[in-house]
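Computed from a predicted structure; not experimentally measured. Values below: every heavy atom of this structure, side chains too, minus hydrogens, waters and symmetry copies. By convention in this document, chain letters (A, B, ...) are assigned in the order of the sequence lines, proteins followed by strands, and residues within each chain are numbered from 1.
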2 protein chains.
Amino acid sequence: MSSDAPPAKTPVTLREVAFAAGVSVATASKALNGQGRMTAQTRERIRETAQRLGFRPNSLAQSLLRKRSFTVGLLTNDTYGRFSLPLMAGVSDALVDAGVSVFLCNVEDDQRLGQLHVEAMLDKRVDGIIATGKRIDRHLPVDLANLRIPVIYAFTQPDPDAIGFESDDAGGARLAVEHFCALGRRRIAHVSGPASFTVVHERARAYREVLTEHGLPVAEPLLGHWSEAWGHEAVARLFDGTAGRGEKPDAVFCGNDQIARGVIDALRERGIGVPGDVGVIGFDNWEIVAEATRPPLTSVDMNLSALGREAGLALLSLVGGQPAAPGIRKLPCRLVVRQSCGRPPGG
Amino acid sequence: MSSDAPPAKTPVTLREVAFAAGVSVATASKALNGQGRMTAQTRERIRETAQRLGFRPNSLAQSLLRKRSFTVGLLTNDTYGRFSLPLMAGVSDALVDAGVSVFLCNVEDDQRLGQLHVEAMLDKRVDGIIATGKRIDRHLPVDLANLRIPVIYAFTQPDPDAIGFESDDAGGARLAVEHFCALGRRRIAHVSGPASFTVVHERARAYREVLTEHGLPVAEPLLGHWSEAWGHEAVARLFDGTAGRGEKPDAVFCGNDQIARGVIDALRERGIGVPGDVGVIGFDNWEIVAEATRPPLTSVDMNLSALGREAGLALLSLVGGQPAAPGIRKLPCRLVVRQSCGRPPGG
DNA sequence: GATGATTGGGAAAAGGTTTTCTCAGACGAG
DNA sequence: CTCGTCTGAGAAAACCTTTTCCCAATCATC
C-alpha cells in the first residue's frame with residue numbers, strides 16, 4: 001500500500017523527480033498538474049516516478065507563487081470556555097475538505113497580543129481570518145477593519161459592514177416557550193443571566209412575545225447570574241412566596257443549563273416534582289450538565305458547530321472571490337427534548 | 001503612533017523599500033536584518049523607509065529559503081473535551097513568544113483524517129508537531145514515527161523512543177490522600193472511573209500506598225464511571241450498608257469532579273455533613289463543577305496548562321537542534337483546597 | 001517537395017527574501 | 001606615484017514551483 005521508498009531525510013523536490021524521469025522540471029510540473037501537452041506515456045512515467053520517490057510539492061513555494069496560502073487564521077478570546085470549541089470544530093470541518101489549514105490564535109483579552117497575532121497571520125499570508133469569541137455582544141480586542149483579506153465574524157460582535165454569523169437566540173427562546181405552551185403549561189417563568197448580556201434581553205423579548213401571542217400571563221424575567229446558585233435563589237423567590245399554589249409557575253425557562261440545574265435541584269429540595277409539577281428548559285445544551293440533571297434537561301442548542309461550518313464556508317467563498325453582502329446572519333437553534341418538561345400531547 | 005501610510009491594497013515588498021531608499025534589495029535586506037556592512041546613515045535611512053511604507057517581510061519567502069517556517073502543528077482528537085483546551089493554551093502561550101504560529105488539527109478518531117492532516121502539515125513545512133489527546137493512555141490514530149521533524153506528545157500515549165509529557169496522577173492522588181490524613185481522617189474510601197483507564201489504576205495504587213504508609217485500613221476502590229450518577233450509587237454502596245457508624249468512611253477521594261459532585265449530593269440527601277462528617281476530594285479541578293458543589297470542592301489540578309507550556313518549550317528546543325532524551329516526563333499535580341474537607345489543623 | 005499546422009517538450013521568468021561573492025572607490029603607507 | 005587594504009554596496013544564486021513563451025520535429029496538405 002505505502003511506497004517502499006526509504007524515509008527520505010530531506011523532502012524530495014520536483015527537480016529530483018524531473019531528473020529521475022529524464023525530463024525538465026517544467027514538464028514534470030505540468031505532468032503532475034494535468035497541464036500542458038505531452039504523450040500519455042510521458043505523463044504516466046513522471047507520475048510514477050513522483051509516486052515512487054514520495055514527492056509532495058512544497059506548499060511554501062506554491063503559495064509564494066499563487067499568492068494563496070490555503071491557510072486561514074482563527075482568532076478567539078475564549079481560552080477555556082465551551083462555546084468556541086464546537087464552533088472551532090465546525091470551522092475546521094468546513095475547511096479541511098478544501099485543503100485549508102487553520103492557525104489557532106488565542107488573544108485572551110489583550111490588545112497587544114491580538115495585534116501581535118494578527119500581524120503574524122498577515123506575515124504568513126493567511127487567505128482570510130475568522131474571528132470568534134466567548135460573547136456574542138463583545139468585540140475582540142483587535143482591529144480587523146482594513147485588512148485587505150476577507151474576515152468573517154462568528155459568535156462575536158462584527159465590525160460594521162462586515163459579515164457575522166450568530167445564533168438566533170430569540171428564535172431559540174421561542175422554541176422553548178412554544179414547547180411549554182404546546183404541553184399546556186400556563187404560568188411560565190423566565191430565569192436568566194445578567195442584564196449586561198444582549199442575549200438576555202433578546203430571549204426575554206421572545207419570551208414575552210410568545211406568552212402574549214398565547215394570551216398567557218407575562219411575568220417579569222428574573223435576571224441574575226449564569227450560575228447554579230442563582231437558579232437556587234430564583235426558585236426561592238418564585239416558589240417561597242405567600243401566593244396561592246395556583247399562582248406559582250408550572251414551567252421555568254432558564255437562561256442557561258447551569259441555572260436550570262440549580263432550579264431543578266432547588267425544586268426537588270422543596271418536594272416539587274419535575275416535570276410533574278413544573279417543567280424546566282435550559283439553554284446551551286451543554287450535554288455534560290443537561291444529562292446529569294435529574295431528570296435529564298430539555299435544552300435549547302445553539303448549533304454552534306453548524307455556525308462554525310457556515311462561517312468557514314462563507315470565508316472560503318469570499319477567498320474564492322465570490323462577493324457577499326455584509327450583515328449578520330442568524331442561524332436557527334434547535335430544541336433538544338429530554339425529560340424535564342414531560343412529553344408533548346402528540347409525542 | 002501608527003504610520004500614516006495609506007492601507008496598501010497589496011503588501012509592500014523589499015524591492016519597493018529598496019527602490020524608495022535608493023539602494024539594492026540586498027542592501028535593504030541587510031540593513032533590516034542588522035547584517036552586512038554599511039554606513040549607519042544608510043542603514044537608518046532604509047529602516048525609516050521600511051517603517052514608513054509599512055514593510056513586513058513575507059514569511060513564505062523567508063521560510064522557503066531558511067527551511068524553517070516558524071509554524072508547528074497541534075494534533076488532537078479531543079474536539080469537545082475539556083482537557084485539551086488548557087493544554088492548547090499552554091502550548092500556544094509557550095510558542096507565541098518565539099514567533100511561532102500553531103496549526104490546529106482535529107483528527108477525531110479517524111485514521112484517514114489524521115493522515116490527511118499530517119500530510120497537510122508536512123506539505124506546509126511545519127517545524128514540528130505536538131500530539132495531544134483526550135486520554136493519556138490512548139494513541140492518536142496517526143503514525144508520527146519516522147517524520148524527519150521533531151514530535152512531542154502531551155497528554156496522549158507517545159511512540160516508543162519519543163518524548164511525552166504527562167501529569168503525575170499517582171502524585172496527585174498522594175496529595176489528596178495525604179491531605180485527608182493530615183486532617184485526621186482515618187477511613188478513606190476511593191471512588192473512581194472505569195478500570196479500562198490506566199490512570200484509575202495509578203491513582204488507586206497511590207491511594208493504597210499512602211494508606212499503608214500511614215497504617216490506615218485500605219478499602220478496595222470502587223470503580224464505575226466518570227459520572228455524577230456513579231457518585232450517587234457509590235455513596236449508596238458505602239453508606240447504606242448495615243455496618244456500624246464507626247466503620248463508615250469519613251473521607252472519599254473521587255476519581256474526578258463529577259463523581260465527587262454526585263457523592264456530595266448523595267451525602268447531603270442522607271443528612272451526612274460535608275465536610276463535618278465526611279471529607280470529599282475530587283480530581284481535575286474543573287472549576288465550573290468544583291465551585292458549584294455545596295460546599296465548594298477541594299480537587300487535584302493536573303496543571304494542564306503548564307504541561308502544554310513544557311511541551312511547547314520542549315518542541316522549540318528540539319527544533320532549535322538541542323538534543324533531548326526520549327522518555328516520559330511527569331509533571332506534578334497540585335491540590336486546590338476549597339471547603340469540602342475542612343481545614344488542616346495548622347491552617 | 002514545399003508550406004503550414006500541430007505536437008512534445010524545454011528555457012526562463014516570476015514570486016520575495018537571504019547570503020555569498022565580487023567590485024569599485026577611498027585611504028594609508030612606503 | 002604605486003601598492004595593498006579596507007569599506008560600502010551591488011549582482012547573482014539559491015529556495016521550489018508554476019506558467020508563459022518558444023523551438024524543433026513531425027505530420028498533413030497541396
Asks: Does D:dT17 have its OP1 or OP2 closer than 4.0 Å to a side-chain nitrogen or oxygen of A:R66?
Replies: no
Asks: On DNA chain D, check which nucleotide each of B:K67 and B:K30 is closest to and give me the residue with the more 5' one.
Replies: B:K30
Asks: Measuring from the side chain of A:V23 (C-beta onward, heavy atoms only), which nucleotide among D:dT17, D:dA9, C:dG10 has the closest atom?
Replies: C:dG10
Asks: Return the orientation label for the B:F83 and B:F155 ring planes: parallel under 30°, perpendicular over 60°, tilted otherwise.
Replies: tilted
Asks: At under 4.0 Å, does any side-chain N or O of B:T42 touch on OP1 or OP2 of D:dA9?
Replies: yes
Asks: Check A:D127, A:L95, A:D97 against A:L316 for a side chain to side chain contact (heavy atoms under 4.5 Å, CB included) and give me the one that passes.
Replies: A:L95
Asks: On the nucleotide D:dC15, are OP1 or OP2 found under 4.0 Å from the side-chain N or O atoms that A:N58 carries?
Replies: no
Asks: Checking contacts here: which listed nucleotide (C:dA11, D:dA9, D:dC16) is nearest the side-chain heavy atoms of B:M38?
Replies: D:dA9
Asks: To check you understand the geometry: which heavy-atom pair defines the closest contact between A:L315 and A:G128, and what is its length?
Replies: CD2-C, 4.0 Å
Asks: If you look at every strand shown and take non-hydrogen atoms under 4.0 Å, does B:S29 touch a base, only sugar-phosphate, or nothing?
Replies: base
Asks: Starting the side chain at C-beta, find the nucleotide from C:dT17, D:dC15, D:dT18 nearest to A:N33.
Replies: D:dT18
Asks: Shortest non-hydrogen contact from A:P332 to A:D168?
Replies: CA-CB, 4.3 Å
Asks: Expressed in angstrom and rounded to an integer, what is the separation of B:R125 atom CZ from D:dT17 atom P?
Replies: 7 Å
Asks: Answer yes if the side chains of A:N106 and A:H117 hold a donor-acceptor pair under 3.5 Å, and no otherwise.
Replies: no
Asks: Would B:D137 and B:T198 count as having a side-chain donor-acceptor pair, cut-off 3.5 Å?
Replies: yes
Asks: Could you walk me through whether B:E119 and A:R56 pass the salt bridge (Lys or Arg N to Asp or Glu O under 4.0 Å) test, one step at a time?
Replies: CA-CA 9 Å; B:E119 283 175 2; A:R56 315 218 77 223; 3.7 Å; yes
Asks: By nearest nucleotide on DNA chain D, pick out whichever of B:A28 and A:Q35 is the more 5' one.
Replies: B:A28
Asks: For the pair made of CZ in A:R15 and P in C:dG10, what is the distance, rounded to whole Å?
Replies: 14 Å
Asks: Where is the tightest heavy-atom contact between A:L331 and A:E310, given as atom of each residue plus distance?
Replies: CD2-CG, 3.4 Å
Asks: D:dA9, OP1 or OP2 - any side-chain N/O from B:T27 closer than 4.0 Å?
Replies: no
Asks: A:F55 side chain: which of D:dT17, C:dT17, D:dG8 is closest?
Replies: D:dT17
Asks: Using whole Å, what does the distance between atom P of nucleotide D:dC16 and atom CG of B:L65 come to?
Replies: 9 Å
Asks: Heavy atoms from C-beta onward define the side chain here; which of D:dG10, D:dT18, C:dG15 lies closest to that of A:Q62?
Replies: D:dT18
Asks: In whole angstrom, what separates B:F19's CZ from C:dG16's C1'?
Replies: 18 Å
Asks: A:Q41 CD to C:dG8 C1': how many Å, rounded?
Replies: 12 Å
Asks: What is the separation between atom CZ on A:R56 and atom C1' on D:dT17, rounded to the nearest whole Å?
Replies: 15 Å
Asks: State whether A:S24 places a side-chain N or O below 4.0 Å from either non-bridging phosphate oxygen (OP1 or OP2) of C:dA11.
Replies: no
Asks: Might you list the N or O atoms of the protein lying below 3.5 Å from N or O atoms in nucleotides 23-25 of chain C, with each pair's distance?
Replies:
none

Asks: Expressed in angstrom and rounded to an integer, what is the separation of B:D123 atom CG from D:dC16 atom P?
Replies: 14 Å
Asks: B:L60 CG to C:dG15 C1': how many Å, rounded?
Replies: 10 Å
